[in-house]
Q: 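Below you will find the structure I want to go over with you.
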Amino acid sequence: QVQLVESGGGLVQAGGSLRLSCAASGRTFSSYGMGWFRQAPGKEREFVAGIKWSAGSTYYADSVKGRFTISRDNAKNTVYLQMNSLKPEDTAVYYCAAQRSGMGYGEFDYWGQGTQVTVSS
């Protein structure tokens, strides 16, 4: 079992930046694929970014490519999402997720509680 705790959300103006963090419990963090998802009001949850267990491969939704960067620090059991050039349409609850397969995309097995990101225009 993996427990995930997100932090770093908040209110920011359009064009600004935020960095989300996700701290994971467990000794097998380095073998998990990790991802970030988001869900805006009235919309389905969508994939934002993913990173393979080895950090050698990253994946992004088209809507965030070039603006968001996912990274991980296996020594700290933490995954990050650096969000730059934020837009009002990035407003959502952001969820961290962990994946036993390690691939960084596809189905994820464990989820955090979410952190709110609000981008004002």
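Only heavy atoms go into these numbers, but all of them, side chains included; no hydrogens, no water, no symmetry mates.
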Q: Starting from Tyr105, can I reach Trp36 by hopping between I/L/V/M/F/W/Y residues whose side chains sit under 4.5 Å apart?
A: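 Shared cluster, no.
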Q: Just wondering, do Tyr80 and Met34 contact through their side chains at under 4.5 Å, heavy atoms?
A: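 SC-SC contact between Met34 and Tyr80 ruled out.
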Q: Is it the case that the side chain of Gln99 and the backbone of Gly104 share a donor-acceptor pair, with hydrogens and angles ignored and the cut-off at 3.5 Å?
A: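 Answer holds: yes.
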Q: Is there a path of hydrophobic side-chain contacts, each under 4.5 Å between heavy atoms of I, L, V, M, F, W or Y residues, that connects Phe108 with Tyr59?
A: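 Yes, because Phe108 and Tyr59 connect within a single hydrophobic cluster, where side-chain heavy atoms sit under 4.5 Å apart.
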Q: Do Arg100 and Tyr32 meet the cation-pi criteria used here (NZ or CZ under 6.0 Å from the six-membered ring centre, within 45° of the axis)?
A: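 Not satisfied by the 6.0 Å and 45° rule.
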Q: Could you pull out the closest heavy-atom pair between Gln113 and Leu4, with the gap in Å?
A: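 In terms of heavy atoms, the two residues are closest at OE1-O, 3.5 Å.
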Q: Got a donor-acceptor contact below 3.5 angstrom from the Arg72 side chain to the Phe29 backbone?
A: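 Yes.
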Q: Is it the case that the side chains of Asp73 and Thr78 hold a donor-acceptor pair, with the cut-off being a distance below 3.5 Å and no angle test?
A: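 Not at all, the side chains of Thr78 and Asp73 share no donor-acceptor pair under 3.5 Å.
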Q: I want to check something: taking the side chain as every heavy atom from C-beta on, are Tyr110 and Gln1 in contact at a cut-off of under 4.5 Å?
A: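 Yes, at least one pair of side-chain atoms sits under 4.5 Å.
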Q: Specify the closest pair of heavy atoms between Ser121 and Pro88, including all atoms of both residues, with the distance to one decimal.
A: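 Shortest heavy-atom contact: CB-CG, 3.8 Å.
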Q: What verdict does the side chain to side chain contact (heavy atoms under 4.5 Å, CB included) test give for Arg38 and Asp90, after you've listed the backbone C-alpha separation in whole Å, the side-chain angles of each residue and the deciding distance to 0.1 Å?
A: CA-CA 9 Å; Arg38 67 186 181 186; Asp90 294 318; 2.9 Å; yes
Q: Please confirm whether the backbone N or O of Ile51 pairs with a side-chain atom of Thr58, one donor and one acceptor, at under 3.5 Å?
A: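 Flag not set: sc Thr58 to bb Ile51 has no pair under 3.5 Å.
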Q: Would you please say whether a donor-acceptor pair under 3.5 Å links the side chains of Tyr60 and Arg67?
A: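 No, no side-chain donor-acceptor contact under 3.5 Å.
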Q: Give a yes or no on whether Tyr95 and Phe47 share a hydrophobic cluster (residues Ile, Leu, Val, Met, Phe, Trp, Tyr; joining criterion: side-chain heavy atoms under 4.5 Å apart).
A: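 Result: yes, single cluster for both.
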Q: Look at the side-chain heavy atoms of Ile, Leu, Val, Met, Phe, Trp and Tyr, link any pair under 4.5 Å apart, and say whether Ile70 and Val117 land in one connected group.
A: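 Yes, same cluster.
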Q: Between Ser25 (side chain) and Gln3 (backbone), is there a donor-acceptor pair under 3.5 Å?
A: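 Yes: the side chain of Ser25 pairs with the backbone of Gln3.
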Q: What I'd like to find out is whether the side chain of Leu81 reaches to under 4.5 Å of the side chain of Thr69, using heavy atoms alone.
A: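 A side-chain contact under 4.5 Å is absent here.
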Q: Which atom names give the shortest non-hydrogen contact between Cys96 and Val79, and what distance separates them?
A: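 Answer, listing the atom of Cys96 first, then Val79: SG-CG1, 3.8 Å.
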Q: Please report the closest heavy-atom contact between Tyr94 and Glu6, naming both atoms and the distance.
A: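 Nearest heavy atoms, Tyr94 then Glu6: O-OE2, 3.9 Å.
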